[in-house]
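Structure first, then comments.
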Amino acid sequence: MLLSKYFLPVLKEAPREAEIISHQLMLRAGMIKQQSAGIYSWLPLGLKVLRKVEQIVREEQNRAGAVEVLMPTIQSADLWRESGRYDDYGKEMLRITDRHERDMLFGPTNEEMITDIFRAYVKSYKDLPLNLYHIQWKFRDEVRPRFGVMRGREFFMKDAYSFDLDEASSRAAYYRMFVSYLRTFDRLGVKAIPMRADTGPIGGDLSHEFLILADTGESEVFCHGDYMKLDVPGAGLDYSDDDAIAGIVNDWTASYARTDEMHDEALWGEVASGDQMNARGIEVGHIFHFGQKYSEPMGAKVTGPDGKDTPVYMGSYGIGPSRVVAALIEAGHDDNGIIWPASVAPFDVGLINLRPGNEKTDTACGSLYDQLTNAGFDVLYDDTDNRAGGKFALADLIGLPWQLIVGPRGLENGEVELKERATGERESLTMEAAVNRLTEWQSATRARFGG
RNA sequence: CGGGGCGUGGCGCAGUCUGGUAGCGCACCUGGUUUGGGACCAGGGGGUCGCAGGUUCGAAUCCUGCCGCCCCGACCA
């Protein structure tokens, strides 16, 4: 992509309403534009990151055996009356009346609708286990939206729903999602720790939150240092092996890990002080096992091997990709701007032509752009006639993993400069060596994050 | 929902107390000189001062009502 043909409206100064760093940087980097309290447009750079996060989430859901559907944003109030939540949900639910005076609502979540789909088609235990998910915009009319897309009213969420014949298999389904979340956050390039959670209004008896560690996180986290060393299962993982999956869950729940809300000083005291880790985190995922809470009132039953009908056991599993984007920035930035994990960076390389119009730099950049693009890199080519300082500042701000700097001075010696955003390290080398270096990085990155 | 704050060109701000017809920096446009960490000179465009009423000869400024947005707290992917 040529920067001169792209739409990247960056700001030198952050708008006053932005308080936290991720919100400031998202506005400054031209990723989002606020349209109303808690409601945002996603501009090209932001959308690119959002889509990458979404895709990683999707791939890991699929790998764990979940099947994608797409449910509408607008739902009928009748479904919610069936589950009894139409009145319970309160003002957080945006209620709408259509032209025929029918009560509708903008979905804050989809337990009711997925249960409706399930009961319409699934009648036999032979069709279980089943896990259906979708990735769709949700709306919760928060009393106080804040922190940009971190807590918007409209937000993008992946929600999965598992259906099983009995408690034991339902737990196995919960564990599969648990493990898929470990893999998902690992591929997103962040450390996420599962913590015992309150089940809240969704109800149920088993629940975990996944927190990304970031100094600016809103939740206080107390966890055992062991979590820093635990391995995340690789792509070859066999999700059909219930025992192996349960073993992984066991490893990841054996040590103490709680947010301030669930913190227990007595249990915490049992952790050796050298192992106690006090940090801050951002909740980016939440999984629930709630049994027959919805299947019973909504009549989602299957016929078991004994010929009897039983309400299915269910769980729900959420990750908010729009929040994840902000959380990744909270976890990865410096004074100059964003530092994206390789797996979700909007582009791989920022190619900087320090002297557009100069035949040598133009030719060199054209060649590099073609070579890298053909090799599968997503390159943002800064071909504008801004000054060097402005280009460097922009590249640092939007946080691409690499900056490939081409100027007349370096070309005199047949060299270009390669700068790694995360470390700030720069190196002068030939064009060929630069391409090779990037290609090596690409292979390593794919091996690490590709899934 | 309780408490606090803010609305003045795209962004950041001054001006409001003490009414006199809107200003600064950045950004933008034109021309020129420049060009390896946010250039300089000259010229230029853009704002019914959140909205509606009121007071006044005159309102960004005073009064009343409304709307929007942000922050802290209680609640949430």
Side-chain angles (χ1 to χ4, degrees), chain A residues 9-20 23-24 27-28 30 33-39 53 57 89-93 107-110 135-160 181 192 197-202 207-212 218-219 259 261 282-288 316-327 335-337 352-358 361 382 384-397 403 405-412 415-417 419 424 426 428:
Chain A
V10 296
L11 299 172
K12 202 172 260 186
E13 294 170 284
R16 190 178 34 181
E17 69 265 18
E19 193 77 6
I20 63 165
H23 191 193
Q24 291 177 355
L27 291 169
R28 286 192 51 211
K33 180 187 186 307
Q34 180 168 4
Q35 301 295 162
S36 177
I39 300 178
V53 172
V57 169
Y89 218 91
K91 291 188 173 173
E92 275 210 358
M93 186 151 73
T109 178
N110 285 66
I135 306 177
Q136 176 64 290
W137 292 93
K138 306 288 190 296
F139 193 95
R140 291 182 192 169
D141 201 357
E142 296 270 350
V143 204
R144 193 185 153 208
R146 60 188 129 162
F147 303 148
V149 297
M150 188 81 83
R151 174 155 319 160
R153 290 195 290 173
E154 187 181 49
F155 60 98
F156 203 41
M157 183 160 101
K158 183 285 299 182
D159 38 330
Y181 275 32
D198 200 359
T199 52
I202 293 186
S207 177
H208 287 88
E209 290 178 343
F210 288 74
L211 284 280
I212 287 180
E218 49 187 336
S219 306
T259 62
E261 284 175 9
I282 301 165
E283 185 192 342
V284 285
H286 202 158
I287 60 180
F288 303 87
S316 76
Y317 315 90
I319 291 181
S322 51
R323 169 181 276 197
V324 165
V325 173
D335 290 345
N336 296 321
I352 299 176
N353 186 343
L354 289 176
R355 196 73 60 83
N358 174 294
T361 61
D382 188 344
T384 64
D385 59 3
N386 291 327
R387 300 170 65 82
K391 293 191 177 196
F392 293 143
L394 174 69
D396 285 346
L397 174 64
Q403 295 167 25
I405 302 156
V406 181
R409 198 183 289 172
L411 286 184
E412 293 282 318
E415 289 183 332
V416 294
E417 196 176 14
K419 174 182 167 182
R426 337 155 132 255
S428 288

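Chain naming here is simple, since letters A, B, ... match the order of the sequence lines and numbering starts at 1 in each. Note: hydrogens, waters and symmetry copies are ignored here, and every other heavy atom, side chains too, is used.
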Could you work out the separation of [N] and [M] based on their [atom1] atoms and round it to a whole Å?
| N | M | atom1 | value |
| --- | --- | --- | --- |
| B:rC66 | B:rC26 | P | 41 Å |
| B:rG45 | B:rG54 | C1' | 36 Å |
| B:rC17 | B:rC63 | P | 9 Å |
| B:rG23 | B:rG47 | P | 13 Å |
| B:rU55 | B:rU64 | C1' | 11 Å |
| B:rU18 | B:rC62 | C1' | 11 Å |
| B:rG9 | B:rG46 | P | 15 Å |
| B:rU48 | B:rG7 | C1' | 16 Å |

Nucleotide nearest [X] (side chain, heavy atoms from C-beta), chosen from [options]:
| X | options | answer |
| --- | --- | --- |
| A:Phe147 | B:rG7, B:rA77, B:rC71 | B:rC71 |
| A:Val143 | B:rA74, B:rG37, B:rG12 | B:rA74 |
| A:Arg151 | B:rC76, B:rG36, B:rA77 | B:rC76 |

How is [X] classified with respect to the nucleic acid when contacts are heavy atoms under 4.0 Å: base, sugar-phosphate, or nothing?
| X | result |
| --- | --- |
| A:Ala37 | sugar-phosphate |
| A:Arg323 | base |
| A:Ala14 | sugar-phosphate |
| A:Asp159 | nothing |
| A:Arg153 | nothing |
| A:Val284 | sugar-phosphate |
| A:Lys419 | base |
| A:Glu209 | nothing |
| A:Gly410 | base |
| A:Lys158 | nothing |
| A:Gly357 | nothing |
| A:Arg16 | sugar-phosphate |
| A:Gly407 | base |

(message) Using a 6.0 Å cut-off, check whether atom CG of A:Asp385 has over 12 heavy atoms from anything other than its own residue.
(response)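 At most 12 heavy atoms, drawn from other residues, nucleotides or ligands, come within 6.0 Å of this atom.
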
Report the base-pairing partner of [N] (Watson-Crick or G-U wobble, both distances below 3.5 angstrom), or none.
| N | answer |
| --- | --- |
| B:rU55 | none |
| B:rG68 | B:rC6 |
| B:rG45 | none |
| B:rG73 | B:rC1 |
| B:rC24 | B:rG12 |
| B:rC40 | B:rG32 |

Treating [X] as the side-chain partner and [Y] as the backbone partner, does any N or O pair qualify as donor plus acceptor under 3.5 Å?
| X | Y | result |
| --- | --- | --- |
| A:Glu142 | A:Arg144 | no |
| A:Thr361 | A:Arg355 | yes |
| A:Arg153 | A:Ala37 | yes |

(request) Could you verify whether a donor N or O on one side chain and an acceptor N or O on the other, from A:Asp159 and A:Gln136, lie under 3.5 Å apart? (result) no

(message) Please tell me if A:Arg144 has a side-chain N or O lying less than 4.0 Å from either OP1 or OP2 of B:rC72.
(response) yes

(message) Looking at B:rG68, I'd like to know if its phosphate oxygens (OP1 or OP2) sit under 4.0 Å from a side-chain N or O belonging to A:Gln34.
(response)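 Answer no for this pair, as no side-chain N or O of A:Gln34 is under 4.0 Å from OP1 or OP2.
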
(message) If you assign A:Gln403 and A:Pro145 each to the RNA chain B nucleotide with the nearest heavy atom, which residue ends up on the more 5' nucleotide?
(response)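 So the residue in question is A:Gln403.
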
(request) Determine whether A:His286 and A:Tyr181 make a side-chain contact, defined as any pair of heavy atoms from C-beta on separated by less than 4.5 Å. (result)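 Contact flag for A:His286/A:Tyr181 side chains = no.
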
(request) Supply the atom-to-atom distance A:Phe392 CZ to A:Lys419 NZ, rounded to the nearest 0.5 angstrom. (result) 8.0 Å

